Enquirer: 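What follows is a single structure, and I will ask about it in a moment.
A quick note: this is a predicted structure, and the numbers were derived from the prediction, not measured.
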Amino acid sequence: MIVIIGILSGYLVGSIPTAFLVVRFKAGLDVRTQGSRNVGALNAYNVTQSKKTGIVVGMLDGLKGLAVALAVGQLLGGSFWIQSLALSGAIIGHNYPVWLRFHGGRGLSTAAGGMFAIGVSYTIVWCLTWFISSKFFKDVLHANLTAIILAPIIILLLPSAWIEALMVRKVSATDYRFFSHILSGILLLSHWDAVKILLKIEH
């Protein structure tokens, strides 16, 4: 029952369409019909041309993941896996919000925020990989996909002691590694449209 409550609660919190609401309030525009049509921080910035708006949306999206992971971990006393599944629900909610007919964002900020309540190894590895990839590809989508694919592989190769040292709660490195693959799978799915676009370009 706690698992179901955690996942559903996570989904409902994650599905709050922050980019849609902020851009509509800030500029009177529907972010779903502007720019890349993605309901996330980057498109909120592109549509409004306001760094402040992009940062606010990114922080709010991150807070959704953090709030869900903290609530399930602390208030409901959930195990690592219940907490992780609730965070997964929040990311899926952000990516496919019922309020916007399942048209959402890509889940990166929500995932990063939630991992601050679990363990930050994935976030650190992802960010470093993204930074290096962005310098090489000069393209956000290429860098996103490279970081999403490589992050769980790099974590698999890291010493367990390093991973456990960065855990917020006591969790085995094996469990964390397994979840990192699940997390990347969810994020890769939300980037599938970008994958298809990039494949067409490269062909």
Enquirer: Is there a path of hydrophobic side-chain contacts, each under 4.5 Å between heavy atoms of I, L, V, M, F, W or Y residues, that connects L42 with V23?
Expert: no

Enquirer: Please check this pair: side chain of K64 against backbone of T110, looking for a donor-acceptor N/O pair closer than 3.5 Å.
Expert: no

Enquirer: Quick one: does any side-chain atom of N95 pair with a main-chain N or O of G104 as donor and acceptor, under 3.5 Å?
Expert: no

Enquirer: Search all heavy atoms of G114 against all heavy atoms of A69 and return the closest pair with its distance.
Expert: O-CB, 3.6 Å

Enquirer: Does F137, at its CZ atom, have more than 12 non-hydrogen atoms belonging to other residues, nucleotides or ligands within less than 6.0 Å?
Expert: yes

Enquirer: When rounded to the nearest 0.5 angstrom, what distance separates OG1 in T129 from CG in N144?
Expert: 11.5 Å

Enquirer: Can you tell me how far CD1 of I155 sits from CD1 of I124, rounded to the nearest 0.5 angstrom?
Expert: 9.5 Å

Enquirer: Taking the side chain as every heavy atom from C-beta outward, state whether M115 and L87 have any atom pair closer than 4.5 Å.
Expert: yes

Enquirer: Checking side-chain polar atoms at under 3.5 Å, does T146 have a donor or acceptor matched by the opposite partner on W130?
Expert: no

Enquirer: Could you check S50 against Y45 for side-chain contact (heavy atoms from CB on, under 4.5 Å), going step by step and ending with a plain yes or no?
Expert: CA-CA 5 Å; S50 168; Y45 160 69; 5.6 Å; no

Enquirer: Can you confirm whether more than 12 heavy atoms, excluding those of R37, are under 6.0 Å from its CZ atom?
Expert: no

Enquirer: Are I118 and I91 connected in a single hydrophobic cluster, I mean Ile/Leu/Val/Met/Phe/Trp/Tyr linked by side-chain heavy atoms less than 4.5 Å apart?
Expert: yes

Enquirer: I'd like to check L66 versus M59 (side-chain heavy atoms, cut-off strictly below 4.5 Å). Are they in contact?
Expert: no

Enquirer: Quick one: does L85's side chain get under 4.5 Å of F80's, heavy atoms only?
Expert: no

Enquirer: Under a 4.5 Å side-chain heavy-atom rule over Ile, Leu, Val, Met, Phe, Trp and Tyr, are M167 and L158 clustered together?
Expert: yes

Enquirer: Do Y122 and S184 get their side chains close enough for a donor-acceptor pair, meaning under 3.5 Å?
Expert: yes

Enquirer: Please tell me if the side chains of T48 and L29 come closer than 4.5 Å, counting only heavy atoms from C-beta onward.
Expert: no

Enquirer: Between I92 and L100, is there shared hydrophobic-cluster membership here, with clusters defined by ILVMFWY side-chain heavy atoms closer than 4.5 Å?
Expert: no

Enquirer: Determine whether S84 and Y176 satisfy the following criterion, side-chain contact (heavy atoms from CB on, under 4.5 Å), listing intermediate values before the conclusion.
Expert: CA-CA 9 Å; S84 299; Y176 190 87; over 6 Å; no

Enquirer: Going by heavy atoms in the side chains, are W162 and S121 under 4.5 Å from each other?
Expert: no

Enquirer: Any chance the rings of F131 and W126 have centres within less than 6.0 Å?
Expert: no

Enquirer: So does V72 get a backbone contact from the side chain of Q83, meaning a donor-acceptor N/O pair under 3.5 Å?
Expert: no

Enquirer: Looking only at heavy atoms, which two atoms of S133 and A143 are closest? And how far apart?
Expert: CB-CA, 3.8 Å

Enquirer: Taking all non-hydrogen atoms of both residues into account, name the closest pair between G35 and V47 and its distance.
Expert: N-CG2, 4.2 Å

Enquirer: V57 and side chain to side chain contact (heavy atoms under 4.5 Å, CB included): which partner among D61, I55, L60?
Expert: D61

Enquirer: Less than 4.5 Å apart, any side-chain heavy atom of F20 and any of F25?
Expert: no

Enquirer: Using atom types as modelled and distance alone, determine if a side-chain donor or acceptor of Q34 lies under 3.5 Å from a backbone N or O of V31.
Expert: no

Enquirer: For residues P159 and I163, determine if any side-chain heavy atom of one lies less than 4.5 Å from a side-chain heavy atom of the other.
Expert: no

Enquirer: Counting distance only, does the side-chain N/O of S190 pair as donor-acceptor with the main-chain N or O of L187 below 3.5 Å?
Expert: yes

Enquirer: Report yes if some heavy atom in the side chain of I186 is under 4.5 Å from a heavy atom in the side chain of S88; otherwise report no.
Expert: yes

Enquirer: Ignoring hydrogens and geometry beyond distance, is a side-chain donor-acceptor pair present between R177 and S160 at under 3.5 Å?
Expert: yes

Enquirer: Quick one: do L8 and I16 end up in the same hydrophobic cluster if we chain Ile, Leu, Val, Met, Phe, Trp and Tyr together by side-chain heavy atoms under 4.5 Å apart?
Expert: no

Enquirer: Strictly distance-based, threshold 3.5 Å: is any side-chain N or O of Y11 a donor or acceptor partner for the main-chain N or O of V98?
Expert: yes

Enquirer: Any chance you could measure N38, atom CG, to H191, atom NE2, to the nearest 0.5 Å?
Expert: 8.0 Å

